[in-house]
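The next block holds one structure in the form of structure tokens; read it before the comments.
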Amino acid sequence: NNDTEDEERLWRDLIMERVTKSADACLTAVNIMTSPNMPKAVYIEDVIERVIQYTKFHLQNTLYPQYDPVYRVDPHGGGVLSSKAKRAKCSTHKQRVIVMLYNKVCDIVSSLSELLEIQLLTDTTILQVSSMGITPFFVENVSELQLCAIKLVTAVSNF
């Protein structure tokens, strides 16, 4: 039984290492695109869309469930609890790697708002960005992300 727990922990660590490296890659790409005096060839639509997909995926599947228990799925298929009951049972302790990912995603969201001021994006990309900017206001315990989302929504509305 101990071997199984160690193996699970190692897999979890490996997965979170890859998720963190992917967040670093997204952040690097967006930082390059938002640097001053960048040529138009740097703004690759596919890269921008993948950064947005990565960010939305980890917001919905990793960060929101960690910070707001209402977004957690019961793996045992237990009874339906109200949102107040879920929040009451929640612990506030977060793993260090989750907090690092949260901070990187906040930086990505903030950088995307800067990118919107620099580069014209397609309508479908704008729809993805706007949904990513509005969702944090329905999640509790993500105040830094909400501040970044305000900046993003403002950039979208100015678009």
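Predicted model only: the values in this text are computed from it and were never measured.
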Just grab all the salt bridge (charged side-chain N to carboxylate O under 4.0 Å, His left out) pairs involving [range], residues at least two apart or on different chains.
range	result
residues 128-137	none
residues 126-137	none
residues 96-112	D24-K104
residues 144-159	E114-K151

Minimum heavy-atom separation for [X] to [Y], with atom names?
X	Y	answer
I118	T34	CD1-CA, 3.8 Å
A149	P136	CB-CG, 3.9 Å
V30	L112	CG1-N, 4.0 Å
F137	I150	CZ-CG1, 3.5 Å

ILVMFWY cluster, [X] and [Y] together (side-chain gap under 4.5 Å):
X	Y	value
Y64	V70	yes
F57	V105	no
V51	L127	no

Evaluate the side-chain proximity of [Y] to [X]: yes if any heavy-atom separation is below 4.5 Å, no if none is.
X	Y	answer
N141	Q66	no
V97	V19	no
I134	V153	yes
M132	L59	yes
Y102	V142	yes
F138	Y71	yes

Result block: side-chain N/O donor-acceptor pairs under 3.5 angstrom for residues 36-48, not counting sequence neighbours:
from : atom 1 : to  : atom 2 : distance (Å)
Y43  : OH     : M33 : O      : 3.2
D46  : OD1    : R50 : NE     : 3.4
D46  : OD2    : R50 : NE     : 3.2

ring-ring contact (aromatic ring centres under 6.0 Å, His included): which pairs involve residues 15-34, sequence neighbours left out?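 Qualifying pairs, neighbours excluded: none.
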
For the [atom1] atom of [X] and the [atom2] atom of [Y], what is their distance to the nearest 0.5 Å?
X	Y	atom1	atom2	answer
L145	Y67	CG	OH	9.5 Å
S113	I108	OG	CD1	12.5 Å
N31	S111	CG	OG	4.5 Å
L101	L63	CG	CG	4.5 Å

Using modelled atom types only, decide if a donor and an acceptor are shared between the side chain of Y54 and the backbone of C26 within a distance under 3.5 Å.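 Looks like no, no N/O pair under 3.5 Å.
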
Would you confirm whether D68, through its side chain, and V139, through its main-chain N or O, come within 3.5 Å as a donor-acceptor pair?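 Absent.
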
Solution key, residues 7-17 side-chain donor-acceptor pairs under 3.5 Å, sequence neighbours excluded:
from : atom 1 : to  : atom 2 : distance (Å)
R9   : NH1    : D13 : OD2    : 3.4
E17  : OE2    : K21 : NZ     : 3.3

What residues form a side-chain contact (heavy atoms from CB on, under 4.5 Å) with I126, not counting sequence neighbours?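 L116, L121, V156, F159.
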
Under the side-chain hydrogen bond (donor to acceptor under 3.5 Å, both in side chains) test, residues paired with [X] that sit two or more places apart:
X	result
T124	T122
S130	none
Q128	K56

